[in-house]
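Just so we're on the same page: letters track the sequence lines, and every chain starts at 1. Scope of the values below: all heavy atoms of this structure, side chains included, with no hydrogens, waters or symmetry mates.
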Amino acid sequence: MTLDAKIPSGPVAEKWEKHKFEMKLVNPANKRKYHVIVVGSGLAGASAAATMSELGYQVSCFCYQDSPRRAHSIAAQGGINAAKNYRNDGDSVWRLFYDTVKGGDFRAREANVYRLAQVSVDIIDQCVAQGVPFAREYGGLLANRSFGGAQVSRTFYARGQTGQQLLIGAYQALEKEIAAGGVKMYSRHEMVELVLVNGVARGVIVRDMVTGEIQSHAADAVVLATGGYGNVFYLSTNAKGCNVTATYRAHKKGAFFANPCYTQIHPTCIPVKGDYQSKLTLMSESLRNDGRVWVPKRKEDCAKAPGDIPEQDRDYYLERKYPSFGNLSPRDIASRAAKEACDDGRGVGPGGLGVYLDFADAIKRLGAKAIEERYGNLFEMYERITDENPYKVPMRIYPAVHYTMGGLWVDYNLQSTIPGLHVIGEANFSDHGANRLGASALMQGLADGYFILPYTIGNYLAQAKLEKVTTEHAEFVAAREAVAQRTTRLLNIKGTRTVDSFHRELGKIMWDKCGMARDRAGLEWAIKRIPELRAEFWENVNVPGSASELNQSLEKAGRVADFLEFGELMCRDALHREESCGGHFRTEYQEEGEAKRNDDAFAYVAAWEFAGEGKAPTLHKEALEFENVHLATRSYK
Amino acid sequence: MNLTLRVWRQAGPAAAGAMREYRAEGISPDMSFLEMLDVVNEGLIAKGDEPIAFDHDCREGICGMCGMMINGAAHGPQRLTTACQLHMRSFSDGETITIEPWRATAFPVLKDLVVDRSAFDRIIQAGGFISAPTGSAVDGNAIPIPKLDADDAMDAAACIGCGACVAACPNASASLFTAAKISHLGSLPQGQPERSRRALAMVAQMDLESFGGCSLFGECMEACPKGISIDTINTMHRDFLFASATKRDVKEWSGGA
């Protein structure tokens with residue numbers, strides 16, 4: 001099979017307009033005859049479900065939480081980018097496009113990124129109309145800030161809760177459509193299988209998480225909006241429930257998984273405290289605007305209180321190594337530099353896995369009051385978790401897994417390699433390349449859900465010529481059977497280890513061998529070790545309770561079983577990509593300590609096809625062409 | 001730290017529940033409350049017992065999924081803090097901690113500490129939105145909004161829908177939750193066309209869901225992890241009164257061509 005991204009012809013700036021006109025439309029009176037399943041209710045899923053319902057489609061939407069308002073988009077703090085150029089500071093659609101392609105280290109598809117930048121401006125308007133309380137200036141106009149090292153102020157925000165407010169906006173639109181009858185919502189329902197009929201996605205199998213009932217839902221198209229897979233590392237900033245099951249189940253049914261090794265490690269998280277740690281908490285990147293990052297110059301000083309280490313004995317390593325960007329260096333670079341300092345034995349705090357983020361100079365310069373106005377809520381959150389007062393002692397931070405750029409491969413229409421299966425938001429791979437810029441995740445989720453998928457899915461439905469399918473079709477019966485068998489098998493193992501203990505062990509393998517720095521030996525070891533752990537899981541896991549009740553251990557077991565397969569795929573992708581780019585850093589491929597890309601050999605999307613249980617996946621390549629942004633080395637020195 | 005936990009265990013929606021006692025040993029003061037429960041659960045599974053079911057997701061105090069009565073207080077003893085952000089240093093060694101689910105008729109228990117809060121979603125469905133179909137928006141700066149109004153809207157919009165206000169209220173009223181949404185949308189110019197309809201419909205739905213009435217005890221505001229002000233309830237009452245007094249019927253004959 002050859003990958004066809006279906007990118008429209010013509011200049012990049014005209015592709016989307018042209019495509020919108022060329023796409024087939026579904027007659028307004030016919031839309032209600034089509035039924036679309038949306039799995040996930042975050043920014044992408046909720047906005048897509050609401051918008052398709054407004055257009056007239058019948059939508060069924062599923063989420064594992066007790067309400068669609070809980071999806072993890074809610075935790076995004078910083079903001080959302082849009083090329084409005086309200087600041088008159090030289091921003092434009094073209095500049096946002098350029099920054100995103102470059103920031104992604106030239107591993108994203110130009111046409112998709114350009115479209116994202118184009119629709120970014122409509123997102124802000126849509127959200128304002130819904131009542132999202134964006135920050136305002138005294139004159140009543142929208143406020144902006146610069147974010148993540150961007151040289152223009154294009155980030156819109158709602159205090160430190162932008163993700164929450166955008167999600168609540170989409171959630172309210174979704175609830176409005178539920179009330180109007182266009183969307184049927186299934187909360188506390190988890191997708192456990194995708195159903196294909198004649199090679200086309202026609203439905204899902206879900207588990208009612210309260211009663212345990214296995215249900216079948218048939219439709220004319222399926223949309224996955226199920227987020228990222230950062231929890232393969234066990235510890236991440238993702239919500240505890242985030243998982244790879246929906247996308248991985250689809251992968252096993254034929255959807256190619258693209259660039260799974262591209263993970264983003266966020267530099268400013270609260271460090272791990274102990275073995276019991278269940279998740280990591282992000283501190284907004286904005287802190288780096290005023291905080292200075294340092295570690296002691298000498299290992300012997302690491303145990304000292306920071307106040308006892310004089311100025312001349314401190315190493316402000318970001319300022320030293322990257323004088324022009326300093327403490328505001330991009331995420332991947334700042335994270336790696338922290339790891340290097342700790343690997344060098346100069347980390348601080350428990351286990352030596354932390355670096356200082358010091359506000360003493362900023363407090364001296366601006367006063368504690370000004371710092372409180374800027375970061376008061378973050379300082380409070382830090383103190384609540386660590387019991388340390390960051391106005392008096394420097395914060396300790398360490399990088400943590402935050403976002404995954406990889407995901408199911410999709411074409412320009414956001415359709416996967418399975419006809420009828422569309423993938424939106426973090427769950428797809430398309431827009432961020434090997435590294436995502438700050439404030440771009442919210443933008444992409446809403447772009448896909450409000451403004452792209454509702455057009456492209458119409459184009460699909462108008463031409464699909466689908467036969468009528470019910471949930472009594474043999475494929476549905478077989479899928480239900482497979483799910484029931486898998487569940488019974490998990491419950492009957494009755495081994496000696498808990499699900500969490502396997503998840504932690506997998507997470508440690510992934511973090512050590514496929515985390516911030518990767519090398520051939522480590523990845524080869526992981527590719528050997530993960531199947532062993534998986535085998536032990538299927539022999540020795542203990543899942544208490546039964547299938548016909550609310551059973552959180554069973555839910556976790558199903559997800560961890562998929563992570564145990566998916567982790568191996570990630571390592572294989574990381575091993576094959578013999579270059580360093582964005583969040584993917586192979587220690588063998590560097591120049592003077594900086595990541596070294598290999599455009600001649602690796603300027604492509606790696607899309608993996610499932611080849612069967614126990615078999616190595618098949619690699620397919622989509623060549624990336626850069627006609628508008630010329631390939632160049634990123635430098636922040 | 002070593003602690004004794006008294007926990008509400010209930011096998012299912014129709015089952016009878018009871019308090020059961022567990023030991024939580026070797027607990028670090030740096031653990032979050034939910035991490036302490038994780039440790040207890042790992043121990044229960046190892047002993048062949050059923051782990052305690054509780055809702056949680058983001059574990060950073062924003063998704064609103066977690067929530068339980070801890071020593072009789074919604075989300076526990078620390079103000080402006082969800083259960084997931086509460087840390088064990090708030091307790092002392094040897095203490096007995098009582099843990100119960102939210103108690104309200106409108107939030108039936110599903111299992112152990114897990115309750116059904118879908119009534120909140122239905123209150124939003126009744127009118128907690130601005131009808132702005134995708135694509136119909138004007139430019140974001142075409143509607144200037146005074147900063148103080150935007151700030152008021154944001155204060156109310158900070159609600160995470162956890163249900164602590166209901167659990168803390170002697171009447172199990174959902175007034176703070178409902179009022180927060182009415183205040184958020186009513187503070188903004190975009191929210192005006194539907195303001196009266198919203199107040200009537202949301203309050204009616206709140207009553208339908210068997211939440212109690214508000215008698216301004218103020219327990220809700222004390223328990224709210226996001227500090228939503230009880231002033232929003234005044235706004236709700238004002239909007240409701242105004243809407244009731246000025247109610248207009250939809251004309252039956254509208255439309256046609």
Side-chain angles (χ1 to χ4, degrees), chain A residues 50-51 54 65-67 69-70 72 74-75 84 86 122 124-126 128-131 133-142 158-159 161 164-165 168 172-173 175-176 178-179 187 210 239-241 273-274 276-279 281 384-385 387 450-451 454 498 500 542 544-545 549-550 552-553, chain B residues 12 28 30-32 34-35 38-39 42 45-46 48 50-51 53 55-60 62-65 81 85 87 89 110-111 114 116-118 120-121 124-126 128-134 136-141 143-147 150 153-154 157-158 161 184-185 188 190-191:
Chain A
T51 304
E54 287 166 3
Q65 299 91 341
D66 74 329
S67 162
R69 68 178 294 151
R70 314 267 186 231
H72 196 56
I74 206 161
K84 282 285 198 184
Y86 282 159
D122 299 329
I124 301 303
D125 301 340
Q126 179 59 30
V128 168
Q130 291 170 341
F134 282 121
R136 298 264 168 179
E137 308 285 1
Y138 278 100
L141 302 179
L142 289 157
R159 289 195 193 144
Q161 294 125 279
Q164 179 199 26
Q165 293 309 315
I168 295 298
Q172 287 170 191
E175 294 295 336
K176 163 176 74 73
I178 293 169
S187 295
V210 176
K240 291 294 285 177
K273 284 167 298 178
Y276 52 81
Q277 188 100 17
S278 62
K279 83 152 269 160
T281 304
R384 205 172 290 149
I385 293 173
D387 207 21
Y450 282 132
F451 295 110
T498 62
D500 276 359
N542 179 11
E549 60 174 334
L550 195 159
Q552 293 175 326
S553 303
Chain B
S28 156
D30 285 333
M31 283 181 189
S32 72
L34 303 189
E35 284 169 344
D38 289 342
V39 169
E42 289 286 286
I45 297 170
E50 274 240 16
D55 265 335
H56 64 100
D57 205 20
C58 79
R59 295 204 177 191
E60 51 188 276
I62 192 74
C63 76
M65 185 104 173
T81 303
Q85 292 284 288
H87 282 72
R89 64 182 83 92
L110 297 174
K111 184 175 185 176
V114 178
D116 177 357
R117 285 170 290 198
S118 55
F120 271 9
D121 288 333
I124 299 297
Q125 279 159 33
F129 49 78
I130 291 170
S131 300
T134 306
S136 59
V138 296
D139 186 89
N141 264 348
I143 318 161
I145 300 173
K147 183 179 184 325
M154 182 62 222
H184 159 206
L185 300 176
L188 298 169
Q190 308 91 299

>> Using the ring-ring contact (aromatic ring centres under 6.0 Å, His included) criterion, which residues pair with B:His184? Sequence neighbours excluded.
In response: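 If we apply the ring-ring contact (aromatic ring centres under 6.0 Å, His included) test to B:His184, skipping adjacent residues, there are no hits.
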
Part of [X] within contact of chain A (heavy atom distance under 4.5 Å):
X: B:Val39; value: side chain
X: B:Ser118; value: neither
X: B:Leu188; value: side chain
X: B:Ala126; value: neither
X: B:Ile45; value: both
X: B:Pro51; value: side chain
X: B:Gln125; value: both

> What's the shortest heavy-atom distance between B:Met154 and A:Ala158, and which atoms?
Replying inline: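 Closest approach of B:Met154 to A:Ala158, heavy atoms only: SD-CB, 4.0 Å.
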
>> Looking at every heavy atom in both B:Gly128 and B:Leu185, which two are closest together, and how far apart are they?
In response: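 Nearest heavy atoms, B:Gly128 then B:Leu185: C-CD1, 3.7 Å.
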
> Hey, does the side chain of A:Lys279 reach the backbone of B:Cys58 with a donor-acceptor pair shorter than 3.5 angstrom?
Replying inline: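 The answer is yes, because a donor-acceptor pair under 3.5 Å joins these two groups.
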
> Any sub-3.5 Å donor-acceptor pair from A:Arg384's side-chain atoms to B:His87's backbone N or O?
Replying inline: no

Hey, which of [options] has the most heavy atom pairs under 4.5 Å with chain B?
options: A:Glu549, A:Glu137, A:Arg69; result: A:Arg69
options: A:Lys273, A:His72, A:Gln130, A:Gln164; result: A:Gln164
options: A:Gln172, A:Gln161, A:Gln65; result: A:Gln172
options: A:Thr281, A:Ile124, A:Ile178, A:Asp122; result: A:Ile178

> Can you tell me if A:Ser187 and A:Asp66 form a side-chain donor-acceptor pair at under 3.5 Å?
Replying inline: no

For chain A, which candidate among [options] shows the most heavy-atom pairs at distances under 4.5 Å?
options: B:Gly191, B:Ala53, B:Gly140, B:Gly12; value: B:Gly140
options: B:Asp30, B:Leu110, B:Asp139, B:Ile124; value: B:Asp139
options: B:Ala157, B:Ala150, B:Ala153; value: B:Ala157
options: B:Ser28, B:Ser136, B:Gly161; value: B:Gly161
options: B:Leu34, B:Val114, B:Asp116; value: B:Val114
options: B:Val138, B:Asp55, B:Ile62; value: B:Ile62

> Any side-chain heavy atom of B:Asn141 sitting closer than 4.5 Å to one from A:Lys84?
Replying inline: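 B:Asn141 does not reach A:Lys84 side chain to side chain.
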
> Got A:Tyr86 and A:Leu142 here, is their nearest side-chain heavy-atom distance under 4.5 Å?
Replying inline: yes

>> Holding to side-chain hydrogen bond (donor to acceptor under 3.5 Å, both in side chains), I want the full list of residues that pass it with B:Arg59, two or more places apart in sequence or in another chain.
In response: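 Counting only residues at least two positions away or on another chain, B:Arg59 forms a side-chain hydrogen bond (donor to acceptor under 3.5 Å, both in side chains) with A:Ser278, B:Asp38, B:His56.
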
> Are the charged groups of B:Lys111 and B:Glu50 less than 4.0 angstrom apart, N to O?
Replying inline: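 B:Glu50 and B:Lys111: salt-bridged.
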
> Where do B:Met31 and B:Arg89 land on the side chain to side chain contact (heavy atoms under 4.5 Å, CB included) test, with the steps shown first?
Replying inline: CA-CA 8 Å; B:Met31 283 181 189; B:Arg89 64 182 83 92; over 6 Å; no

>> If I measure from the heavy atoms of chain B, does A:Gln165 come under 4.5 Å with its side chain, its backbone, both, or neither?
In response: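 Side chain of A:Gln165 only, per the 4.5 Å heavy-atom cut-off to chain B.
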
